[in-house]
Amino acid sequence: MKFFLYSAAFLILPVISAGQIISTTKESTIITSDFYKILLSKKSGTIDYNFSDGSFINNTVAVVKTIGAILITAMTLKCMTL
Amino acid sequence: MHDIVSRRFIDSIGEGQKISFVHSNKNASIQMRQTVSVYKGQHYFLVSLDAWSKTGGDMEVNYISPITVYSANGASCFVKGENPRILDVPFDNDNWTKVLTAEWIPGKLQQGTGYNFTSLYDLNNLSGLVIGAVTHDFWKTGIHYTLSGKKGVVDSLAVFGGAATSDDKSLPAEYGGNDGTHDMVSHGAMKGKSVYSPKIFVCGSENRNDAFKAYGIVNRKLNGYLDWKDSAPFYWNSFGVEGVLGYEGRMMPEGVLKISDELASLRNFSHNKKVYLSIDSYDQGIYNKEVLKSIQEHCVKNNQELGFYFIPFAVWTWKSSVEKDKLQYTDSFIRDVTLKDNNGKTIVYKDGEFGAFPLDPTHPATRERIIGELQKAKAIGAKFLKIDFLTAGALESSIRFDKKIQSGLQGYNFGMKMLKGLIDSVLGPDVFITQAISPTFPNQYAHTRFLSTDVYSHLRNDQKGFPHYGSTASSMISSSHLGWMQGTLWPFTNMDISVMKNFQKNNDISEQDVKVRLITMIIMGSVLGDGSDFRNRVAKERALHFLNNKYLSEYFNNPKAFIPLKVADGLDEDQQLAFYLPGDTVYASLVNFSNDGSFHYRFQKDKLQLYDEAYNIYDFFSNKK
């Protein structure tokens, strides 16, 4: 059973790999399987995780804090003093 | 700028596709790369993060998160289900601190931090997400969350390396009082031209237990697993009789010999399995090397082996002794070997005039002391080790002997690897190792780990005349969520020892409470340990009835954790639990800890993986229809 569908309109280079379909557009890469859909947005630098039961974790970012209490997120790579 | 590159790969987990998400900015001094690894045919995927300085200089990072949700940034997290919960797991198994199952409260924000792994799930059908770290070489992984006031909506979620939390005694144990890493120093920083996060496992499944099992298996494939080829051991442990064996004269050496004889008389129980007589904490003035050796010789005549107890990364001593005394087996002062706070003072791991002080796992004197203990274990012929208070070795410290070791968990890994190597070289590979108080990870250095420590076998914490901690109900509030660890992280779980009559100086428990305790050990795939004083007539009679039960004895040769159908919810002890174990013979179990009455539960055939045929139902203990 397939829980997730992707729109063919966005598809440039679909790669079917080991049960996952990976499709890339100018703005994003989407990994789709029976169990999840992961969207990596080149525009925002965020990742969405959607699961077959309807749960999701969207617009996630990566974060690093240096010892000088400088916080950097993957969205902007701008440093913010905590 | 955010670029994406994907490539095929094969690693110890399997074959798949690695998608790299590279974040750069011409004005930024660092670059970051998130990596999503998806595996062929698997429900799960891994997410990690690394970062490096564009100038080629060193970075120094003590917090790194590959997955962060801030709703203020437009991010969102939602858990589907009628009764959503988040699992908030303590860093270690000490202090009777329970696994918390946080529930959404309308209109109320709730914050918390769990460690290593979590699940966002629906209580009704146990479907949902499992998220957790699968690398444990440097970072203590935290999961910080804020539940919104709207059911199923998570306001913020950060899965991060760099968790170091102190115990706040003003808070309840599960809410910051005792569930953290027990640190007094902030998490050590990763230094270098590049830094990396823990790898985070993410899995959504209609069956939370399947997702947890997959999590355990990925941990095992990445980090290793200490297999045990023989049938599961049985062990008798002295802690059930006396906290420090011999210290109060409750059990002197001749008493231990009597226990050995009584165990040997339990024929079913001793059949086809190794039986270990495990001496726990003991008075070294009474139980010296010669005495222990003579006990071992007696055990061998009874076809038993001796077990030995020690604490590799902490020393229990008088506070005044830390500064002036030398560490046993070494020429180093204790003060020179301990982990230190920000003022360079020895950290107090367990407070008290007679307290416990953490030893630096990287210090040569710690190694010398371990060798001394293992040589003692060898001299007395020990084949079973109970290692305790391991969390001490994972504490953060302002200084360590080995400057290359930069974090508490890195030091602990170093120490555990060294310890296992020394056990192999001094005692040989056929020694059964059980971890008592310890962090969950790393898992690969022992055959079993206590799911919760110091369980005294009374039914409930609120039972009159018993301690308000350490009950069977209390242990199952945590353990009912952790059975998946059996067979994935360790060959067996360990539910601590049962007692047939009473624990140390506690009151006597009822025969029904003994039965319930044993059932919970069966359900959780535990090795069978008992700490009864069989010199007592009642304890002996019950041992004949329960421990020597043919079906129970057979079962504990190869214990398997049951699959939960109804898990503990909340911290209340009125828990009603349901489990089953599929197979040619299907086992089903209900446990009712409620004071309020009966427990009605309908087992559904399809849930038990039964076909639409007729089945016979047998009682486990009597094998009667």
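The structure displayed is predicted, hence computed values, not measured ones. A, B, ... follow the sequence lines: proteins, then strands. Residue 1 opens every chain.
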Let me confirm one number: the [atom1]-[atom2] distance from [X] to [Y], rounded to the nearest 0.5 Å.
| X | Y | atom1 | atom2 | result |
| --- | --- | --- | --- | --- |
| B:F160 | A:K65 | CZ | NZ | 8.0 Å |
| B:H43 | A:D34 | NE2 | CG | 8.5 Å |
| A:F51 | B:L120 | CZ | CG | 9.5 Å |
| B:M32 | A:T73 | CE | OG1 | 6.5 Å |
| B:I4 | A:E27 | CD1 | CD | 11.0 Å |
| B:I67 | A:Y49 | CD1 | OH | 4.5 Å |

Flag the pair [X] / [Y] as yes when at least one side-chain heavy-atom distance between them is below 4.5 Å, and no otherwise.
| X | Y | answer |
| --- | --- | --- |
| B:F78 | A:I57 | no |
| B:L49 | A:V64 | yes |
| B:I19 | A:I22 | yes |
| B:V36 | A:I47 | yes |
| A:D53 | B:E206 | no |

Could you tell me which non-hydrogen atom of B:H2 sits nearest to which non-hydrogen atom of A:K43, and how far apart they are?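 Heavy-atom minimum between the residues: CD2-O, 4.0 Å.
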Contact summary for B:H23 and A:G45, nearest pair of heavy atoms: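 Heavy atoms of B:H23 and A:G45 come nearest at CE1-O, 3.5 Å.
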Within a radius of less than 6.0 Å around NZ of B:K150, do more than 12 heavy atoms belonging to other residues, nucleotides or ligands occur?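 Counting other residues, nucleotides and ligands, NZ of B:K150 stays at 12 neighbours or fewer.
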Stepwise, does the side chain to side chain contact (heavy atoms under 4.5 Å, CB included) test hold for A:F56 with B:C77? CA-CA 5 Å; A:F56 59 79; B:C77 175; 5.8 Å; no
Checking heavy atoms, do the side chain of [X], its backbone, both or neither come under 4.5 Å from chain A?
| X | answer |
| --- | --- |
| B:L129 | side chain |
| B:V47 | side chain |
| B:I131 | side chain |
| B:V154 | neither |

Would a distance-only check, ignoring hydrogens and angles, find a side-chain to backbone donor-acceptor pair under 3.5 Å from A:T66 to B:E60?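 No, because the side chain of A:T66 does not come within donor-acceptor range (under 3.5 Å) of the backbone of B:E60.
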Using a 4.5 angstrom heavy-atom cutoff, name the option from B:I30, B:V195, B:V202 with the most pairs to chain A.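 Looking at each option in turn, the highest pair count goes to B:I30.
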Best-contacting candidate, B:D122, B:I64, B:D3, B:V69, against chain A by heavy atom pairs under 4.5 angstrom: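 Top count of heavy-atom pairs under 4.5 Å with chain A: B:I64.
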Contact leader toward chain B among A:I31, A:I38, A:T46, A:L40, where contacts are heavy-atom pairs under 4.5 Å: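 The residue among A:I31, A:I38, A:T46, A:L40 with the greatest pair count is A:L40.
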Describe, in one word, how the ring planes of A:Y36 and B:F45 are oriented to each other, choosing from parallel (under 30°), tilted (30 to 60°) and perpendicular (over 60°).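 Perpendicular.
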